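As structure tokens, the structure follows; a few thoughts come after it.
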Amino acid sequence: MGYDRAAVRRVLDDALARGRVALTAPEARRLCDAYGIPTAEEAVAAGAEEAVELARSFGGPVALKVVSPDILHKTDAGCVLVGIEGDEEVRRGYRTVLANAHAHVDDPVISGVLVQRVVTGHEVIIGATTDPTFGKVVAFGLGGVLVEALGDVTFRLAPVSPPQARSMLDDIAAAEVLRGARGGAAVDADALADVLRRVSDLVHDFPRIRELDLNPVFATAGGACAADVRVVLADAEPVEPVRHSREEIRTAMRRLMDPRGIAVIGASNEDGKIGNSVLRNLLDGGFTGRIHPVNPKADRVMGIPAHRSVTEVPGEVDVAVFAVPAEHVPAALEECGRKGVAAAVLIPSGFAETGERALQDEVVDIARRHRIRLLGPNIYGYYYTPRKLCATFCTPYDVRGEVALTSQSGGIGMAILGFSRTTRMGVSAIVGLGNKSDVDEDDLLTFFEEDDNTRCVAMHLEDLKDGRAFVEAARRITREKPVVVLKAGRTASGARAAGSHTGALAGDDRVYDDVLRQAGVVRAPGLEDLLEYARGLPVLPTPRGENVVIITGAGGSGVLLSDACVANGLRLMDIPPDLDAEFRRHIPPFGAAGNPIDITGGEPPATYEATIRLGLRDPRVHALVLGYWHTIVTPPAVFAELTVRAVEEARAAGDDKPVVVSLAGDTEVEKAAEVLYEHGIVAHPYTTEKPVAVLGAKYRWARAAGLLG
């Protein structure tokens, strides 16, 4: 790509040398010219008569805009006039713009008034901003003065590829307008995508550009042209986060999750002490590796020989679990460094979460110097059931399964534990992250990606320390395993004032939403959803297509199930005539074929079984949603038995499709739901929303992973 990077560097260096972070319109135009970004024809007038001459040369109406480094939002200051035509109107407009500039700012620096040819078309915004989590992101959406009010915008990580840029055009609510809705002319989508790509390359090549707006960009069938350009620079060069190589992460995480030896720093014989609880859980849980209590005041702890220091422990120590007060952590960590410990699990609180940032920084510095990876501080510990590893002061949990769960919050960690126990959901791991001074979600994803014991990962997070590293790890693992994220704090934080529309639009949760979706992550709206997705996704087989069929014993639940399918992005199959006729053979005349298929509530078990088998057998049907209504004719236990039988026989014949069930009835439906779940059928009593939401989550993952036929 023939970009003039030297020209951009000259503009940026000159502005920064003058102590300015906001570029003037002509400076911003030079950046666009250097990267081939089309802008409207314009020139700066130093006086009213020069403005008249420029307007005559452009022909037709013009826009007048003040050129001043002191006035960033020119429209808000009344320093933009549009549709000015005729000599006298241009003179009057020139004077008005200058007067408004002086009224807005005391003694502003003014370089002149920009005279710009007026262009028309659909108004869109193309921009870029520096997100505190993900770094440079580009934006596309509806533009003009209503951009922030409408908020119809989508984001991608920069740099974007041509296909990614093109996909942004289809990702906004007003996409149909750009395609030529209601007989209008479609815009040149390739031209818009090309501008997006060039803006993306510009901000990626020059990280000092904090925010960039092209607003509005006028899009027509013949191309795209920016009418206004706004560029804001960062006060300093951005600092890249510390990153480990993929192999370094794998090596460290293997030693953390599958250790040969664990030392408990602060192990205690006294009930109620954290050091007592951690050691007891390791022993009672059946951990098969070596366990070494460290306590300078005890010869034995729980009958095991204790050591005054971790340096006295014979043999290798992969993990040190800290159960000492925060102020004692640095000295003990230094000893771990001399011992060659690979990972330190910092349970104590009293670090950055209580304002002790300096203490946490000291601990991190020690760990980096000795190449120790830190989990925590301020955590409940962690579980890894394949090794019967329970290094936590919380209640033990040993039901082995295929779901790995992580949380920043100890309270959320206990909710995960309670849910897992209540639902008998097996887990491969439960990991507390706390302050995330070092080990974070992308480290764990890198481990779980290669962990044969894990088929699904569910994560509660309040923030991401390194959003790009997370996305890179998520993109890899989600090709094979679902990742579900509950992101706390969905509302705007307003950390800093934005200097552009794009920056303001990116100030809330939508960047997380778009970027996580592009990474293939399934986002859960709440804690219960996170847990239900984690429980259900490994159970459901991957669908082979989009056709979903509802079979229900009650018309009312059929309507609610249909609504739930639409809300969760599922496509109800248009039943073809031959399949419709087949279903009608099994339902009473007063039932309803189509989709939902209503077999009515008084039907015997044979009707349920025949219609379920038909849906499982037909290759054009890709997923079934079943609505059961409790009757004496077909009791809940009977319905569960026949459904399990039909599904298992279909699986044996190679027809393995996702099946979810909503059960309405008396309390007997609760046991029926348990039986169904035990046989790989996601089932919930008293709700039409939950089972369909789990199916929707499975579909979102499968689409992102490219697994649908």
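Quick note: residue numbers are just sequence positions, from 1. From a predicted model like this one, the values you see are computed outputs, not experimental measurements.
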Lys/Arg-Asp/Glu bridge criterion (N-O < 4.0 Å) met for [X], [Y]:
X: Asp513; Y: Arg517; value: no
X: Arg10; Y: Asp14; value: no
X: Arg92; Y: Glu89; value: no
X: Arg510; Y: Asp514; value: no
X: Glu42; Y: Arg29; value: yes
X: Lys690; Y: Asp529; value: no
X: Lys74; Y: Asp228; value: yes
X: Glu449; Y: Arg476; value: yes
X: Glu462; Y: Lys487; value: no
X: Asp235; Y: Arg210; value: no

Hey, does the side chain of [X] reach the backbone of [Y] with a donor-acceptor pair shorter than 3.5 angstrom?
X: Asp33; Y: Ala28; value: no
X: Arg20; Y: Ala22; value: yes
X: Glu211; Y: Thr130; value: no
X: Asp188; Y: Asp190; value: yes
X: Lys465; Y: Asp438; value: yes
X: His102; Y: Pro108; value: no
X: Gln164; Y: Ser161; value: yes
X: Tyr94; Y: Gly47; value: yes
X: Thr478; Y: Trp701; value: no
X: Asp131; Y: Thr133; value: yes

Which distance, rounded to the nearest 0.5 Å, do you find between the [atom1] of [X] and the [atom2] of [Y]?
X: Asp442; Y: Ile477; atom1: CG; atom2: CD1; value: 11.5 Å
X: Ser407; Y: Leu486; atom1: OG; atom2: CG; value: 10.5 Å
X: Ile71; Y: His104; atom1: CD1; atom2: NE2; value: 6.0 Å

4.5 Å side-chain heavy-atom contact, [X] and [Y]:
X: Arg95; Y: Arg91; result: yes
X: Glu441; Y: Leu461; result: yes
X: Pro26; Y: Val67; result: yes
X: Arg5; Y: Asp205; result: yes
X: Leu169; Y: Val124; result: no

message: Could you check whether Arg230 and Asn215, counting side-chain N and O atoms only, form a donor-acceptor pair closer than 3.5 Å?
response: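 Side chains of Asn215 and Arg230: no pair found under 3.5 Å.
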field: Check: Phe134 ring centre within less than 6.0 Å of Tyr512 ring centre
entry: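 Between Tyr512 and Phe134, which both carry aromatic rings, the centre distance is below 6.0 Å.
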- request: Could you check Arg523 against Asp509 for salt bridge (charged side-chain N to carboxylate O under 4.0 Å, His left out), going step by step and ending with a plain yes or no?
  value: CA-CA 12 Å; Arg523 190 160 182 192; Asp509 191 58; 2.8 Å; yes
task: Could you give me the CA-CA distance, side-chain angles and deciding distance for His460 and Thr406, then say whether side-chain contact (heavy atoms from CB on, under 4.5 Å) is met?
output: CA-CA 6 Å; His460 157 265; Thr406 76; over 6 Å; no
